[in-house]
Amino acid sequence: MVNEVLTLLKNAEDYLSGEEMSKVLGVTRASIWKTINKLKEQGYTIESSTRKGYRIKEVPNIITKSEVLEELHTQLLGREIVYYEEISSTNEEAKQLAREGCQEGLVVIADQQLLGKGRLGRNWSSPAGTGIWMSLVLRPPILPLQASTLTLVAGLSLCEAIEAVTGLEARIKWPNDIVVNGKKVCGILTEMSAELEGIKYVILGIGINVNTPHFPEDLPYASSLYLEGKQQYIRKDILKEFLMRFEKDYFTYLEVPTFQNFIQRYEAKCITLNKKVKILASSQEYVAYAKAITEEGMLKVVTEQGEEKIILAGEVSVRGLYGYVDEEKEKGV
Ligand code: ADP
């Protein structure tokens, strides 16, 4: 009902009476009144006049199903949306829905995550009203080994979507952290369920710090688009731009599921390349020169001993030598 009333109000040129809406939607006036109150609770500013009815004055900066679906020009991604004001983790919910057989493209969106997850069992801070915390269910007909390239494609689409909407210079820290001015503004956590013969589902969890005003001290490398761009951004614009761009890239990827078609675009955005980086693997830590991205989306590095190594995303974290990322490029090994 919320969606229907909202559509009527948004399309109306002037005030719309409760009676008119109740007639069009075939419900009681009391139920219209209740829905109007629900919308107000969600943050909509609705003017009401006893004689004329209701009129929307201001749409809040929210990422509810009805706001995201409006003018979302996709065929598959986000055609189905499940929205929560508050949830433990969107990835956990998406996994549950995927297990129950939901359709590909379903997106779980939350305004706040209580137990947001990062890679390798880390936490992802997801306060209310500020970011985009979402998980996308995909069912790509690819091999489990290929799933990490899909994550890289998503990171690329996300980086370009952020640039397009905000005008900020967004960059990618391999494999898929999005960084602005050297600080992390988004993270991607991919989880999948697979059998030998193929993937059952992939959950692409995406966290974007959009309007976060500040971060706790234990997150020195975190930032938000607001802090870097010195202005608030409309969350749904970024979310929609990402879904539309990623859908296009996803379809291209499915035609030839390698990273080959994306390397050039990715390298143009990647700040990990052509510099010395610190590789933090579970058993060891070492310094190497990051040389290239392979067709499989892996990072080719040369160690200080001159040994070439291929690093698989998911196994390691890559850092700058002096911090989270290093701004200046270093040449040669
Ligand atoms: P990594 O940086 O090693 O690739 P993740 O991408 O999974 O790991 O991010 C998890 C890490 O990011 C956490 O350990 C924490 O340091 C940091 N972090 C947690 N919440 C946020 C946030 N909202 N924004 C930026 N960084 C965060």
Side-chain angles (χ1 to χ4, degrees), residues 63 86-92 109-135 147-148 150-152 154-156 158-159 162 166 168 170-192 202-229 233 235 238-239 266 269-272 277-286 290 293 297-299 301 311-326:
I63 41 176
E86 190 181 284
I87 197 167
S88 59
S89 145
T90 56
N91 260 37
E92 286 305 316
I109 301 174
D111 190 54
Q112 177 179 15
Q113 287 188 113
L114 301 172
L115 286 170
K117 298 196 299 175
R119 296 192 319 140
L120 311 168
R122 296 176 181 135
N123 297 323
W124 185 261
S125 157
S126 321
T130 59
I132 298 171
W133 325 123
M134 61 180 277
S135 297
S148 59
L150 183 56
T151 313
L152 260 67
L156 179 59
L158 182 56
C159 179
I162 286 174
T166 66
L168 291 168
R171 292 290 174 262
I172 306 171
K173 180 171 91 64
W174 183 88
N176 46 43
D177 285 347
I178 311 294
V179 165
V180 176
N181 299 330
K183 292 197 161 187
K184 175 160 164 172
V185 294
C186 313
I188 301 184
L189 168 67
T190 311
E191 296 184 276
M192 72 169 161
V202 169
I203 307 295
L204 260 182
I206 292 176
I208 312 173
N209 303 325
V210 182
N211 294 324
T212 326
H214 52 79
F215 288 87
E217 266 174 31
D218 62 341
L219 294 180
Y221 304 125
S223 191
S224 66
L225 302 175
Y226 162 75
L227 289 172
E228 300 309 317
Y233 298 97
R235 286 188 286 167
I238 297 171
L239 209 168
Y266 187 95
K269 297 278 180 245
C270 183
I271 47 159
T272 310
V277 293
K278 203 192 293 175
I279 311 287
L280 313 176
S282 55
S283 57
Q284 52 171 339
E285 195 180 305
Y286 60 94
I293 305 291
M298 297 180 195
L299 184 67
V301 301
I311 300 175
L312 182 65
E315 280 177 349
V316 297
S317 293
V318 177
R319 296 282 182 268
L321 289 194
Y322 311 105
Y324 179 64
V325 292
D326 295 332

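Atoms within a ligand are numbered from 1 in the order they appear, just like the ligands themselves. Since we're looking at a predicted model, the values are computed, not measured.
- Near Gly118, with a cut-off below 4.0 Å to any heavy atom, the atoms of ligand 1 are 7 (O).
- Of the candidates Glu228, Lys183, His214, Glu228 is the only one forming a side-chain hydrogen bond (donor to acceptor under 3.5 Å, both in side chains) with Ser223.
- Side-chain atoms of Ser224 and Thr212 form no donor-acceptor pair, as typed in the model, at a separation below 3.5 Å.
- Panel note: side chain Lys173, backbone Val318; a donor-acceptor pair is recorded below 3.5 Å.
- For atom 25 (C) of ligand 1, the closest non-hydrogen atom of the protein is Ala222 CB, 3.3 Å.
- Proximity of Leu219 to ligand 1, defined as any heavy-atom pair under 4.0 Å, is confined to the side chain (atoms from C-beta onward).
- Just one of Leu152, Leu158, Ile178 meets the side chain to side chain contact (heavy atoms under 4.5 Å, CB included) condition when paired with Ile172; it is Ile178.
- Compare Lys173, Lys183, Lys184 by their heavy atoms: the one nearest to atom 6 (O) of ligand 1 is in Lys184.
- The nearest heavy-atom contact from the protein to atom 19 (C) of ligand 1 is Asn123 O, 3.2 Å.
- Of all protein heavy atoms, the one closest to atom 1 (P) of ligand 1 is Arg122 NH1, 3.4 Å.
- Exactly one residue among Gln113, Glu191, Lys117 makes a side-chain hydrogen bond (donor to acceptor under 3.5 Å, both in side chains) with Asn91. That residue is Glu191.
- Among all protein heavy atoms, the one lying closest to atom 7 (O) of ligand 1 is Arg119 N, 2.3 Å.
- The nearest heavy-atom contact from the protein to atom 27 (C) of ligand 1 is Trp124 CZ3, 3.4 Å.
- Looking at Asn211 and Thr130, their side chains never bring a donor and an acceptor atom within 3.5 Å of each other.
- In terms of modelled atom types and a separation under 3.5 Å, the side chain of Arg319 and the main chain of Ile279 share no donor-acceptor contact.
- In Arg319, the part holding a heavy atom less than 4.0 Å from any atom of ligand 1 is the side chain.
- When heavy-atom distances to ligand 1 are checked against a 4.0 Å cut-off, Asp177 comes that close only through its side chain, counted from C-beta outward.
- Polar contact check, Asn209 against ligand 1: a nitrogen or oxygen pair lies under 3.5 Å apart.
- Expressed to the nearest 0.5 Å, how far CD1 of Ile162 lies from SG of Cys186 amounts to 3.5 Å.
- Close N/O approach between Ser125 and ligand 1 is found [any backbone or side-chain N/O within under 3.5 Å].
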